[in-house]
Amino acid sequence: MGLNVTEKILLAHVKKKGSADCDAGEVPWTAGEEIAIRIDQTLTQDATGTMAFLQFESMGLDKVKAHLAVSYVDHNTVQVGPENADDHAYLQSAAAKYGAVFSKPGNGICHQLHLERFGAPGKTLLGSDSHTPTGGGIGMIAIGAGGIDVAVAMGGGAFNLSAPKVIKVELTGRLQQWAAAKDVILKVLDLFSTKGNVGCIIEYGGPGIASLDVPERATITNMGAECGVTTSVFPSDEITKQFLEAQGRGDVWQEIVADEDATYDRTVNIELDKIEPMAATPHSPGNISSVMSLSGTKVHQVLIGSCTNSSYRDLKTVAKILEGRKVHPDVELGIAPGSRQVMCMLAREGSLGKLLESGARLLENACGFCIGNSMSPGTNEVSLRTSNRNFEGRSGTMSARIFLVSPQTAAVAALYGHVVDPRTIEEISCPVVRLPKKFDTDDSMFIDPPKDRSELEVIRGPNIGNVPQGAPLPEDFSGVATIKVGDKITTDHIMPAGKRLKYRSNVKAYSEFVFENTDPDFASRAANHRDAGLHNFIIAGESYGQGSSREHAALCPMFLGVRAVVAKSIERIHLANLINFGIVPLVFENDADYDKLDEGDRLEIREIAKAVKGDGRAELTIDTKNISIPLKTDLSDRQKKILKVGGLLNSVVKKR
Ligand code: MIC
Ligand code: SF4
């Protein structure tokens, strides 16, 4: 039996196999069991990277052992006050000391840069950012994880994951005029939704992929993160080769395609010809509508950029639409190129001038608006964005309504002042953009670590805190349902970013903002319980912890004394982060029991340590109501050990 692309790459990297008996050409695992893989490359970004490097140091690691580690600064690049600059100085000096490449602020967004300058087909990439799967656009298995997992991989350790179910998305035909790669991934989100896909990898194939270039493929794999899959991947073919050659990196290309008789757990067909302009409507990337059905919606702000849609291809397309035209007087248009390469190429060829002449504001080539640390819309305003997340409040304005669209749809709306299906416009012809034969390359904002690093000092400003350590698992849990939340609670709800981002290196200060926009008193309530010796429980509905890889959404609750999350279901990266910080992830045996719990209930789980060590079955007693409900947790032996000692840091330090 043949292998698919996912299996080929995983098989070449597997360190701890699963339990399946297999013949040559088959995989030694069954979907769902834990396997461990070797990681070739890592990426960190500043918002998660400071903690990742602090953890790297706390684990006693002293040099990067992965083939390549790149430390990017792209999230917090503008500063008021010294905190961000302190973080940058720490990151630059730590990269130099331990052997990572440092990408200076102003160089661009990690995922765009990594695709341009470092990614290679067939390699594994682990990144402390949930959009690391962007690398799947050139045939990598590129996975997002919490910072501490990336720290371990930087130090040469394996990454543990649940052996995936592989879903094939078979693409046929080709995109029609005005339909874009963004519309393809919005269609995928429409089919798969943002929940229920944990443990799956989406592999694209079929004749339709031949019409998609690498930036288009990368848009699709990037936003696959919103489906909650482990990653998404395209084969590495002639198109991948052309892209890498144009980046002056043809030597890293290798062909990786699925065998003809490869099998998949499921196949879904998408006809590219039938894709129409789409939008994700407030407040979830999974709320999909056609642009046509939103026609006429007044738009106040249009922002084009983010790691999903900020490539040279995307912005040249926008420049062609805006050329010789003016942005509508009631619309603010901002454009954030994905990298310095994109920015410089647009400038040299004159496209940047066309964008500026139209009335666009040029934003820094960084995450910026996407993470909500600038360009917040006005009260009740509508903002059309090309980014990947429109969770409530993420933009910095709770009442704003954010729609996610393609660059084409965004540019047209900026001209008209309202949503328009671009296919209905006669006065603008659909732009055709081809990738250049050669991209302009200049790697001078990547700083390589020096050979002799023995005398180097790591710079620690006052914003660089300590890594808090977890406490070992007690025999019993006894505490309070400190908060009860509903379905699809994202890490943006748990640990807001935006204006609070500058506290990422200071867990004590950042912890004060846990659930800030959902329940502003949560942090003080939890801290009071902790100080009174009670354990805090978080009660949640389905798909708890959707969205980012930010481990602060586990680390800060841990600091506040949260010991258990009891939910209907928990998303992959967040579940791993909870375990890494000693918080027990529990799910209801019967979802209906969720309704029996109320905030403020006194709770107990007798012999939780025994349950974690054993079959994962536990009984939650609601003292206030005198009832008990069954819970379960499905853990590998490795995870059981981590929970027992109170987190991954303790577990690694103990082993050394
Ligand atoms: C995001 O898009 O939510 C972020 C900000 O890039 C996060 C990482 C973080 O919170 O630092 C992510 O996607 O993992
Ligand atoms: Fe940055 Fe936004 Fe991409 Fe996250 S999703 S890495 S904040 S551009």
Side-chain angles (χ1 to χ4, degrees), residues 43-52 71-77 84 87 91 103 105 107-115 126-135 142-147 149-150 185 218-219 221-226 228 231 280 285 303-311 314 334 336-339 342 363-375 385-391 393-396 402 404 490-505 510 513 545-556 571-574 576-577:
L43 75 76
T44 48
Q45 41 87 339
D46 51 310
T48 54
T50 45
M51 206 35 80
S71 171
Y72 293 92
V73 176
D74 54 359
H75 281 61
N76 264 327
T77 51
N84 293 349
D87 281 358
L91 286 171
S103 172
N107 204 18
I109 304 175
C110 57
H111 308 303
Q112 173 69 24
L113 284 170
H114 208 86
L115 196 74
L126 194 72
S128 61
D129 192 282
S130 63
H131 291 104
T132 303
T134 313
I143 302 178
D149 282 329
V150 179
I185 186 60
T219 293
T221 57
N222 169 288
M223 207 175 163
E226 272 46 74
T231 190
L303 296 177
I304 299 174
S306 91
C307 56
T308 316
N309 279 124
S310 58
S311 63
D314 285 331
S339 69
V342 173
L363 310 176
E364 199 187 5
N365 40 335
C367 297
F369 71 84
C370 177
I371 182 62
N373 66 6
S374 60
M375 304 297 288
R385 302 180 170 204
T386 64
S387 45
N388 46 43
R389 291 189 173 141
N390 57 347
F391 305 138
R394 179 174 160 107
S395 67
I402 313 294
L404 307 175
T490 70
T491 53
D492 278 283
H493 289 104
I494 307 168
M495 203 58 267
K499 62 183 179 197
R500 306 300 182 200
L501 262 181
K502 63 181 181 182
Y503 299 121
R504 285 286 176 96
S505 321
Y510 200 24
F513 306 109
Q546 274 193 358
S548 81
S549 68
R550 75 187 64 144
E551 61 190 357
H552 295 79
L555 176 54
C556 293
E571 288 297 305
R572 173 188 70 88
I573 307 181
H574 190 59
N577 287 340

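Whatever order the structure lists ligands and atoms in, that order sets their numbers, starting from 1. Values below: every heavy atom of this structure, side chains too, minus hydrogens, waters and symmetry copies. This is a predicted model, so every value here is computed, not measured.
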Colleague: So which protein heavy atom does atom 10 (O) of ligand 1 come closest to, and at what separation?
Modeller: Arg550 NE, 2.6 Å

Colleague: Any idea which atoms of ligand 1 are less than 4.0 Å away from a heavy-atom of Asp129?
Modeller: 4 (C), 6 (O), 7 (C), 8 (C), 12 (C), 13 (O), 14 (O)

Colleague: Is Thr221 reaching over with its side chain to a backbone N or O of Thr134, donor-acceptor style, under 3.5 angstrom?
Modeller: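 Indeed, once roles are kept as given, a pair shorter than 3.5 Å links the two residues.
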
Colleague: Whether the side chain of Glu551 engages the backbone of Ala554 through a donor-acceptor N/O pair (distance < 3.5 Å, no angle test) should be reported.
Modeller: no

Colleague: Give the residue, atom name and distance (to 0.1 Å) of the protein heavy atom nearest atom 13 (O) of ligand 1.
Modeller: Ser130 OG, 2.6 Å

Colleague: At a 4.0 Å threshold, what atoms of ligand 2 neighbour a non-hydrogen atom of His111?
Modeller: 6 (S)

Colleague: Identify the protein heavy atom lying closest to atom 11 (O) of ligand 1, giving its residue, its atom name and the separation to 0.1 Å.
Modeller: Arg504 NH1, 2.8 Å

Colleague: What protein N/O/S atoms sit under 2.8 Å from atom 2 (Fe) of ligand 2, by chain and number?
Modeller: Cys370 SG

Colleague: Restricting to non-hydrogen atoms, name the atom on Ser310 and the atom on Gln112 that form the minimum distance, rounded to 0.1 Å.
Modeller: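 Between these two residues, the closest heavy atoms are OG-OE1, 4.4 Å.
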
Colleague: Could you walk me through whether Asp46 and Asp74 satisfy the side-chain contact (heavy atoms from CB on, under 4.5 Å) test, starting with their C-alpha distance in whole Å, then the side-chain angles of each, then the deciding distance to 0.1 Å, before giving a yes or no?
Modeller: CA-CA 7 Å; Asp46 51 310; Asp74 54 359; 3.2 Å; yes

Colleague: Donor-acceptor check, side chain of Asn390 to backbone of Ile402, threshold 3.5 angstrom: yes or no?
Modeller: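 Yes: the side chain of Asn390 pairs with the backbone of Ile402.
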
Colleague: Return yes if some donor-acceptor pair links the side-chain N/O of Thr77 with the main-chain N/O of Pro105 below 3.5 Å, else return no.
Modeller: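 The answer is no, because no donor-acceptor pair under 3.5 Å joins these two groups.
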
Colleague: Give the intermediate values and the outcome of side-chain contact (heavy atoms from CB on, under 4.5 Å) for residues Val342 and Asn365.
Modeller: CA-CA 9 Å; Val342 173; Asn365 40 335; over 6 Å; no

Colleague: Just to be sure I read this right, does ligand 2 sit under 4.0 Å from the backbone of Asp129, its side chain, both, or neither, counting only heavy atoms?
Modeller: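 Contact part for Asp129 vs ligand 2: side chain (C-beta onward).
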
Colleague: Numbering the atoms of ligand 1 from 1, which are under 4.0 Å from a heavy atom of His75?
Modeller: 4 (C), 5 (C), 6 (O)

Colleague: Can a donor-acceptor pair be found, under 3.5 Å and without considering hydrogens, that links the side chain of Asn373 to the backbone of His75?
Modeller: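 Here the side-chain-to-backbone pair exists.
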
Colleague: How far is atom 8 (C) of ligand 1 from the closest protein heavy atom, and which atom is that?
Modeller: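 I find the closest protein heavy atom is Gln45 NE2, 3.2 Å.
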
Colleague: Considering only the protein, which heavy-atom contact is closest to atom 2 (O) of ligand 1, and what is its distance?
Modeller: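 Atom 2 (O) of ligand 1 sits closest to the protein heavy atom Arg394 NH2, 2.9 Å.
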
Colleague: At less than 4.0 angstrom from any non-hydrogen atom of Ala47, what atoms of ligand 1 do you find?
Modeller: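 What qualifies from ligand 1 is 11 (O).
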
Colleague: Do Ser548 and Arg394 get their side chains close enough for a donor-acceptor pair, meaning under 3.5 Å?
Modeller: no

Colleague: Check each atom of ligand 1 against the heavy atoms of Thr48 and keep those under 4.0 Å away; list them by number with element.
Modeller: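 Heavy-atom distances to Thr48 below 4.0 Å select 9 (C), 11 (O).
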
Colleague: Under a 4.0 angstrom heavy-atom cut-off, which atoms of ligand 1 come close to Ser549?
Modeller: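 Listed by number with element: 12 (C), 14 (O).
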
Colleague: Is there a donor-acceptor pair closer than 3.5 Å between any side-chain N or O of His552 and the backbone N or O of Arg504?
Modeller: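 Yes, because the side chain of His552 sits within donor-acceptor range (under 3.5 Å) of the backbone of Arg504.
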
Colleague: Distance to 0.1 Å, residue and atom name: give those for the protein heavy atom nearest to atom 7 (C) of ligand 1.
Modeller: Ser548 CB, 3.2 Å

Colleague: Can you check salt bridge (Lys or Arg N to Asp or Glu O under 4.0 Å) on Lys502 and Asp87, steps first, answer last?
Modeller: CA-CA 9 Å; Lys502 63 181 181 182; Asp87 281 358; over 6 Å; no

